[in-house]
Amino acid sequence: MIRNRLAGTAALVLLATGCAASPEEASKTVLAAAPEPTKAVRDLLLPFDAYQLSVNEIYLIESAQDLLTRDCLKERGYDWEVIGDRKQYPDLRNRRRYGVIEMPVAEEMGYKANARLLGSTDVTARKMDREARLSPAARKAATDPTDGCYKLAGDELARGNQEDEDLVSRLNFQSLDEALKSPNVVPAMHAWVQCMAEKGHEYKDFNAAAGDPRWAKSKTPSRAEKETAEADVTCKQQVGLVKSFTETEKSIQQREIRKHRAYFERLASAKQRHLVAARVVLDRG
């Protein structure tokens, strides 16, 4: 299946915890906050990441999509606010790949998550504000899933510039699963379990700690949840669990890239063509 490369931004919107109730209140949209990413997280990139769009590349394509949407809506008699001045953001797609790994996050949020944790939400808020200011007719003309201008603009940019991403998505999940069972990671995971037990927390792995049913009982993290998350991060750091995972996954993913060389070459080419198509629109203005 060929998937829309911009689908990830929709996930960020779903995680957002703010909304614009009316045009008058639209400019007041505020989305949930999260601790700034640490250097360890900003540097946490894996080989497969180069073949899929980063947040900045998504925003570059969205900027071009905005211009095409503006022109399309103008022909239909409506205005469209172009969201410009999109800053460069750190790539945080792997921030929670190995659970909570930053002490500031554990101390403030426990195991809770929101859109801000995985990237900047200021563009999301501006998009929500924009939609709130549209009249019903303009909103339909812009966002109709069949022939809305925003969809048509996205289709134009993606036409001939996409490759089936099912394989890389599947390999991405398999990479993590294989690493979890790897002889390079298993000893570190056992050490993490022992470390946690010594601190009074009995879990088979960090996923079980994050998924403790007690945490789902409240929208805000309890003291117990924060303390568990803090112990989780401390133990990961003490046993070098994240280092073991990333080194193992890098090796696994590089092996798969070599194994599926032709596929990854097509994936890289499609990504570059998509970005070039967007830059052509942006240069045209």
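Nothing fancy with the numbering, it's 1 onward along the sequence.
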*Could you go through the salt bridge (Lys or Arg N to Asp or Glu O under 4.0 Å) check for R170 and D166 one step at a time?*
CA-CA 6 Å; R170 185 167 69 253; D166 277 355; 6.0 Å; no
*Is there a salt bridge (Lys or Arg N to Asp or Glu O under 4.0 Å) between E131 and K127 once you walk through the steps?*
CA-CA 6 Å; E131 183 169 345; K127 288 163 69 175; over 6 Å; no
*asked:* With salt bridge (Lys or Arg N to Asp or Glu O under 4.0 Å) as the criterion, how do R130 and D66 come out once you've worked through the C-alpha distance, each side chain's angles and the decisive distance to 0.1 Å?
replied: CA-CA 12 Å; R130 175 177 64 191; D66 257 2; 2.9 Å; yes
*Under the side-chain hydrogen bond (donor to acceptor under 3.5 Å, both in side chains) criterion, do D232 and Y111 qualify, and how do the steps go?*
CA-CA 10 Å; D232 183 351; Y111 291 104; 2.9 Å; yes
*Check step by step if side-chain hydrogen bond (donor to acceptor under 3.5 Å, both in side chains) holds for Y89 and D122.*
CA-CA 11 Å; Y89 301 98; D122 66 320; 2.8 Å; yes
*Carefully, step by step, assess E102 and R95 under the rule salt bridge (Lys or Arg N to Asp or Glu O under 4.0 Å).*
CA-CA 9 Å; E102 303 164 281; R95 190 172 192 176; 2.7 Å; yes
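The CD1 atom of I101 sits 10.0 Å away from the CG atom of L241 when rounded to the nearest 0.5 Å. Between the OG1 atom in T38 and the CE atom in M103 there is a gap of 11.0 Å [rounded to 0.5 Å]. Rounding to the nearest 0.5 angstrom, the gap separating the CZ atom in F48 from the CD atom in Q254 is 9.5 Å. The CG atom of L53 sits 10.5 Å away from the CD atom of E62 when rounded to the nearest 0.5 Å. Annotation: the span from H201 atom NE2 to E230 atom CD amounts to 9.0 Å, rounded to 0.5 Å. In this structure, the separation between CD on E202 and CG on D212 is 12.5 Å, given to the nearest 0.5 Å.
Contact check on K199 versus E227 returns no salt bridge, with no Lys/Arg side-chain nitrogen under 4.0 Å from an Asp/Glu carboxylate oxygen. A salt bridge between D155 and K151 is present, with a side-chain N of the basic residue lying under 4.0 Å from a carboxylate O of the acidic one.
Considering every non-hydrogen atom in both A179 and I252, the closest pair reads N-CD1, 3.7 Å. Nearest heavy atom pair, residue I257 against residue P47, reads CD1-CB, 3.8 Å. The shortest heavy-atom contact between C235 and W192 is CB-CD1, 3.5 Å. Listed here is the closest heavy atom pair of N114 and A33: ND2-O, 3.0 Å.
Within the cation-pi definition used here (under 6.0 Å to the ring centroid, within 45° of the axis), K236 qualifies as a partner of F206.
No chain of hydrophobic side-chain contacts below 4.5 Å, direct or via other Ile, Leu, Val, Met, Phe, Trp or Tyr residues, connects L176 to L118. The same ILVMFWY cluster, assembled from side-chain heavy atoms under 4.5 Å apart, contains both V242 and V193. Under a hydrophobic clustering in which Ile, Leu, Val, Met, Phe, Trp and Tyr are joined whenever their side-chain heavy atoms come within less than 4.5 Å, directly or via other members, Y203 and Y98 fall into the same cluster. Transitive grouping of hydrophobic side chains (ILVMFWY, heavy atoms separated by less than 4.5 Å) brings L68 and L282 into a common cluster. Residue V55 is not grouped with residue L45 when hydrophobic side chains (ILVMFWY) are merged at heavy-atom distances under 4.5 angstrom, including chains of intermediate members.
Crowding of Q174 atom CD: a count of heavy atoms from other residues, nucleotides or ligands under 6.0 Å exceeding 12. In this structure, R223 places its CZ atom where more than 12 heavy-atom neighbours from other residues, nucleotides or ligands lie under 6.0 Å away. A 6.0 Å sphere centred on CG of N207 holds more than 12 heavy atoms belonging to other residues, nucleotides or ligands.
In this structure, K243 and Q237 have side chains that are not in contact, with every pair of non-hydrogen atoms separated by 4.5 Å or more. Counting only heavy atoms from C-beta outward, the side chains of K217 and S222 never approach each other to under 4.5 Å.
For the residue pair S251/R255, the side-chain donor-acceptor check at 3.5 Å is not satisfied.
Using the six-membered ring where Trp is involved, F264 and H260 have ring planes that are tilted, between 30° and 60° apart.
Of the listed residues (S244, S175, S182), just one forms a side chain to side chain donor-acceptor pair (under 3.5 Å) with E249, and that residue is S175. Each of R273, E265, R266 was evaluated against S269; a single residue qualifies, R273, per the side chain to side chain donor-acceptor pair (under 3.5 Å) test.
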